[in-house]
Amino acid sequence: MSLEELQKKWNCKNVSIVKGEGGLTKVVLTNRQSSLEVYLMGATITAYKVGSRDVIFTSKQSKFESLKAIRGGVPLIYPQFGPGKMQQHGFARNVDWEVLSTLVKEQEDLVQLNLSIHESEYTQKVCGDADIKFQCTFTIKLNVDRLELQYESKNTGQKAYDFQLALHTYYQIASIHKAHVTGLKGFEYIDKTRQMALTKETADSIQITEETDRVYKNCTTSPLELVDTVNQTKVILHSPDNSLKDVVVWNPWIEKAKAMSDFGDLEYLEMICIEYGNIDKPIVLQPGQTFTGRHTIQPTSIQQSSL
Ligand SMILES: O=P(O)(O)OC[C@H]1O[C@H](O)[C@H](O)[C@@H](O)[C@@H]1O
């Protein structure tokens, strides 16, 4: 569908479809207090603002090109996390998604967008299996004080398959030296910077002081908090039904930042990734089965429990 056709079909008071960076199509959602931008390429949210506060980090060096993952925002990692038999992090973050529906409930200040993909020649090539058939739906609910995200994967084929999933969220922070994450004490993590060593978290709050790449396992029964002591803000993160079980904490630090062509040398100072997903134990879907993963992102201040 052309940009004009998309605009004609979906534009309304709270939803507008525009040409974004690199000429790629972007959907902008707004309500009384917040706004959100999401590219159809990869269904990647690249901005989420509450008032004037930027919650999400997107690199100024990011490329905005078809089939190339956006650096920053909330890339969708599916059906494989990291390297493996497929390309790094699968295909969901670098294919074009379609707008399935929108919903606006003005009285509740809710603006909802549903995006979807299904198998294509490209996804079958990446999977190396023409029998894998699926429909995935990514639902974004922009509420007045929080963002609710839902990733649904349905096996529409005749063959069972398994997948990993992650919402690879990059958060904007004032300084990595003055931010910390709480809620992970007592959980085991796979340390990807130390030959996948399995380690138990002993810290009440995690402060990043070096390259950090950890998969915390089965740790989402209670919310986590990302605290920014410069801005006096925090973000409360949760998988309310515990459907997304693992959490990745990632910061590339100095050398990796320099090595990434789509990331500024000093940008590691102002971001941290906290990625909710199912990584340690892939989800198995029989024909006809559906998996739904839910995640909430609630920006608040340090003083208040909500804005
Ligand atoms: O460069 P990308 O493919 O976007 O991956 C960026 C990062 O994603 C995750 O956080 C992984 O745990 C890291 O190992 C990886 O470096």
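Start at 1 and go down the list; that is how both ligands and their atoms are numbered.
- Those atoms of ligand 1 that come under 4.0 Å of a heavy atom in Gln88, given as number and element, are 2 (P), 3 (O), 5 (O).
- Each of the following atoms of ligand 1 lies closer than 4.0 Å to a heavy atom of Asp213: 11 (C), 12 (O), 13 (C), 14 (O).
- Taking every non-hydrogen atom of Phe81 and a distance limit under 4.0 Å, the qualifying atoms of ligand 1 come out as 9 (C), 11 (C), 12 (O).
- Taking the six-membered ring where the residue is Trp, Tyr189 and Tyr216 present tilted rings, their angle falling between 30° and 60°.
- Between Asp265 and Lys258 there is no salt bridge, since none of the side-chain N atoms of the basic residue sits less than 4.0 Å from a carboxylate O of the acidic one.
- Taking every non-hydrogen atom of Glu275 and a distance limit under 4.0 Å, the qualifying atoms of ligand 1 come out as 9 (C), 10 (O).
- With a heavy-atom cut-off of 4.0 Å, Gln87 does not touch ligand 1 at all.
- With respect to the salt-bridge test (charged N to carboxylate O, under 4.0 angstrom), the residues Arg71 and Glu267 do not qualify.
- At a threshold of 4.0 Å, the pair Lys26-Glu37 counts as salt-bridged, since one of the basic side-chain nitrogens sits closer than that to a carboxylate oxygen.
- By the criterion of a heavy-atom distance under 4.0 Å, the side chain of Lys192, and not its backbone, is placed next to ligand 1.
- Remark: distances from the non-hydrogen atoms of Lys256 to ligand 1 are all 4.0 Å or more.
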ring-ring contact (aromatic ring centres under 6.0 Å, His included) assessment of Tyr151 paired with Tyr78
CA-CA 10 Å; Tyr151 193 97; Tyr78 172 93; 5.3 Å; yes
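- Closest to atom 1 (O) of ligand 1, if we only count protein heavy atoms, is Arg71 NH2, 3.0 Å.
- Distances shorter than 4.0 angstrom occur between a heavy atom of His168 and an atom of ligand 1.
- Although no hydrogens or angles enter the test, the distance criterion places no donor-acceptor pair under 3.5 Å between the side chain of Ser239 and the main chain of Thr220.
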Between Lys185 and Asp204, is the salt bridge (Lys or Arg N to Asp or Glu O under 4.0 Å) condition met? List the steps.
CA-CA 5 Å; Lys185 188 177 180 180; Asp204 285 321; 3.2 Å; yes
